[in-house]
Amino acid sequence: MIKKLVVLGLLLLVGGGCATEDSGATEETQKSQMVQESKRKIEKREVVDVVAENGEIFHYTLPKSWEKRVDEKSDFFASSSKEGVNIFISDRGDFENFTAYQNAFIKGIESLGDNMVEQGNAVEKAGMSGVEFVVEMDREGQKFKTLMYVLETEKNYLEIHASTHRSRFDGNREVLKEAADSLERAEK
């Protein structure tokens with residue numbers, strides 16, 4: 001959990017050094033990604049399948065001018081030039097219940113010294129219930145503010161982190177919310 005949050009800050013350096021999905025990938029890596037993720041175009045926006053280790057499938061619709069990026073730490077990462085979204089998926093079997101997962105999430109945030117600005121607002125996203133948080137953090141000298149959702153499905157717990165620099169957050173909160181809302185469960 002802590003590892004995920006540390007990685008979040010590093011991944012948000014979207015403008016400098018992020019590679020697109022295809023750059024630098026070996027042929028074997030590309031084949032592996034093709035097996036796990038199918039892509040199709042809908043209304044000129046790309047839909048990417050995000051597959052949990054236990055087989056549960058989610059669809060993420062990339063917002064206009066966003067790209068899927070390579071990230072070894074999260075289950076999915078996409079960004080524009082100024083905002084980014086990370087998705088982390090954890091098997092429900094690894095936690096006693098949703099409260100235990102949520103408590104581990106909060107302890108992870110607190111252990112990094114990050115500041116929870118908003119905590120515990122109940123939400124429902126694409127049929128998944130959960131909780132919304134807003135967190136301020138400093139990573140490598142940069143100040144970020146992140147809209148976070150902790151959600152549950154029948155098989156998994158999900159974290160959606162939609163981030164930008166702190167100075168841009170208030171003006172771009174709706175953009176971040178839309179980017180986070182772009183995830184939905186695949187039909188069974």
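The figures here come from the full heavy-atom set of this structure, side chains too, leaving out hydrogens, waters and symmetry mates.
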Report the relative orientation of the aromatic rings in His161 and Phe105; use parallel for angles under 30°, tilted for 30 to 60°, perpendicular for over 60°. perpendicular
Parallel, tilted or perpendicular, judged at 30° and 60°: which one describes the rings of Tyr157 and Phe95? perpendicular
Given the options Glu184, Lys177, Glu178, Asp181 meets side-chain contact (heavy atoms from CB on, under 4.5 Å) only with Lys177
For a side-chain contact (heavy atoms from CB on, under 4.5 Å) with Leu158, tell me which candidate from Thr153, Asp75, Val50 qualifies.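 Of all the options given, the one that passes is Thr153.
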Salt bridge flag under 4.0 Å for residues [X] and [Y]:
X: Arg139; Y: Asp114; result: yes
X: Glu136; Y: Lys143; result: no
X: Glu132; Y: Arg173; result: yes
X: Lys155; Y: Glu56; result: no

Taking atom types as modelled, is there a side-chain donor on [X] or [Y] under 3.5 Å from an acceptor on the other?
X: Glu46; Y: Thr61; value: no
X: Ser80; Y: Glu83; value: yes
X: Asn156; Y: Asp91; value: no

Name the residue from Arg185, Arg92, Lys125 that meets the salt bridge (charged side-chain N to carboxylate O under 4.0 Å, His left out) definition with Glu152.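 Running salt bridge (charged side-chain N to carboxylate O under 4.0 Å, His left out) over Arg185, Arg92, Lys125 with Glu152 returns exactly one hit, Arg92.
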Count the heavy atoms of every other residue, nucleotide or ligand shown that sit under 6.0 Å from CD of Glu53, and state whether that count exceeds 12.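 No, because the 6.0 Å sphere around CD of Glu53 holds 12 heavy atoms or fewer from other groups.
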Tyr60 side-chain N/O to Ala179 backbone N/O, donor-acceptor pair under 3.5 Å: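 Yes; at least one donor-acceptor contact below 3.5 Å.
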Would you find a donor on one side and an acceptor on the other, under 3.5 Å apart, between the side chain of Asn172 and the backbone of Val175?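 Pair absent, no side-chain N/O of Asn172 close to backbone of Val175.
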One should read off an interatomic distance between Asn54 CG and Ser90 OG, to the nearest 0.5 angstrom, of 10.5 Å
What's the separation between atom CG in Asp71 and atom CG in Asn86, rounded to the nearest 0.5 Å?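 These two atoms lie 6.0 Å from each other.
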